[in-house]
Amino acid sequence: MTAAQRLEALVAHMHTNVKALADLCGYERPQAFYDILKGKTRNISPTVCDRLTAVFPRISRVWLMTGEGQMIEEPSDSPEERDRDLAHSNTDLRENSMPRTNVKLVPLVELTASAGPIATYYESGVELSECPKIVSPNPQADLAVPVSGDSMEPLFPDGAILFIKRINEASFIPWGHAMVLDTENGVFVKKVMPDAENDTYVWAESINPKYPKMHVPKVAIYALYRVLSYNKPFFAQ
């Protein structure tokens with residue numbers, strides 16, 4: 001099966017059209033998809049796969065890139081996976097069942113390509129507006145950020161996309177929950193705990209035990225974001 005045939009099969013399976021699919025994936029124009037359909041682009045790139053699997057988490061990345069296996073990943077039997085499957089179960093692009101106004105698009109902040117924190121995107125505004133938009137499974141999310149590294153495994157694997165919402169840390173911090181810390185030294189995904197001996201600091205803990213705790217002064221934190229949901233990555237073998 002060629003890349004064009006796989007894209008045609010995906011469009012048909014989702015009961016949509018190329019223009020609507022490109023719109024949901026955050027493209028201003030559907031040219032990237034048309035190039036695939038016309039054979040001008042002979043492969044579906046990892047970047048295109050990232051956008052498609054962000055919108056449709058159960059589409060197999062391996063199938064998109066190679067044609068091997070099934071289009072749809074089988075759901076896991078674990079409670080966590082079942083919850084995510086339920087959250088994504090209304091991802092249907094029929095015009096009558098899912099109007100365009102019901103789709104929540106959030107900026108995907110490519111932190112690995114940025115030298116500064118999330119705050120720099122807000123300060124200039126230009127960079128944030130130029131970020132690709134992806135569909136959020138949670139309508140309350142403000143942003144999407146990728147996970148880089150294994151410090152939060154097995155909770156958040158390397159390559160996962162986190163959907164996050166900024167909280168008012170001056171009012172209340174949900175201690176013990178995984179959060180994204182936007183700091184003057186960069187952006188980190190950690191479990192945040194209070195410092196019982198010094199209330200001007202917090203402890204940022206990794207899930208992976210090989211990483212030590214980070215002692216972070218509150219004045220160095222620009223913002224805290226609660227992780228609302230995430231999309232598990234699919235890696236080609």
Side-chain angles (χ1 to χ4, degrees), residues 1-73 84-85 87-114 121 125-146 159-164 229-236:
M1 182 181 285
T2 66
Q5 290 171 331
R6 295 196 297 276
L7 184 57
E8 288 175 345
L10 176 61
V11 169
H13 181 81
M14 295 300 173
H15 302 275
T16 187
N17 56 61
V18 175
K19 177 64 174 65
L21 184 64
D23 190 29
L24 282 173
C25 289
Y27 289 108
E28 292 185 4
R29 294 177 296 275
Q31 192 60 47
F33 290 148
Y34 284 129
D35 286 347
I36 295 172
L37 293 174
K38 293 176 181 178
K40 183 177 180 180
T41 301
R42 303 185 67 177
N43 297 301
I44 298 177
S45 71
T47 299
V48 172
C49 280
D50 288 343
R51 295 204 183 199
L52 287 169
T53 54
V55 177
F56 309 111
R58 288 184 58 195
I59 296 297
S60 167
R61 186 181 180 88
V62 174
W63 179 85
L64 282 171
M65 298 187 70
T66 69
E68 297 179 0
Q70 300 297 316
M71 178 194 301
I72 306 298
E73 294 278 351
R84 285 199 298 278
D85 288 335
H88 294 302
S89 63
N90 63 348
T91 305
D92 187 338
L93 298 186
R94 295 179 180 86
E95 291 185 3
N96 292 333
S97 63
M98 185 173 156
R100 186 68 183 84
T101 54
N102 288 343
V103 176
K104 177 63 180 291
L105 296 174
V106 297
L108 174 62
V109 181
E110 297 286 357
L111 299 175
T112 54
S114 170
Y121 287 86
V126 177
E127 290 88 348
L128 189 64
S129 66
E130 292 179 349
C131 289
K133 303 295 193 302
I134 64 174
V135 174
S136 171
N138 191 308
Q140 302 301 315
D142 297 325
L143 298 169
V145 296
I161 301 295
L162 305 182
F163 295 91
I164 61 177
S229 61
Y230 78 97
N231 285 346
K232 184 178 180 180
F234 296 102
F235 296 102

* Which is it for Trp63 and Met1 under the side chain to side chain contact (heavy atoms under 4.5 Å, CB included) test, yes or no, and what are the steps along the way? -> CA-CA 10 Å; Trp63 179 85; Met1 182 181 285; 3.9 Å; yes
* Asked: Is there side-chain contact between Gln70 and Ser60, with heavy atoms separated by less than 4.5 Å?
  -> no
* To do: Determine the sole option in Ile44, Thr41, Val11, Val48 for which the side-chain contact (heavy atoms from CB on, under 4.5 Å) test with Phe33 is passed.
  => Val48
Would you name the heavy atoms of [X] and [Y] that are closest together and state the gap between them?
| X | Y | answer |
| --- | --- | --- |
| Leu64 | Cys49 | CB-SG, 3.7 Å |
| Ser136 | Ala141 | OG-CB, 3.4 Å |
| Gly67 | Arg6 | CA-CD, 3.4 Å |
| Ala144 | Ile161 | CB-CG2, 3.9 Å |

* CA sep, side-chain torsions, deciding dist, call: Met71, Ile59, side chain to side chain contact (heavy atoms under 4.5 Å, CB included) -> CA-CA 6 Å; Met71 178 194 301; Ile59 296 297; 4.0 Å; yes
* Does the side chain to side chain contact (heavy atoms under 4.5 Å, CB included) test come out yes or no for Arg61 and Leu52, once each step is laid out? -> CA-CA 9 Å; Arg61 186 181 180 88; Leu52 287 169; over 6 Å; no
Give, for atom [atom1] of [X] and atom [atom2] of [Y], the distance between the pair rounded to the nearest 0.5 Å.
| X | Y | atom1 | atom2 | result |
| --- | --- | --- | --- | --- |
| Phe163 | Asp142 | CZ | CG | 12.5 Å |
| Ile36 | Gln5 | CD1 | CD | 13.0 Å |
| Leu7 | Thr2 | CG | OG1 | 9.5 Å |

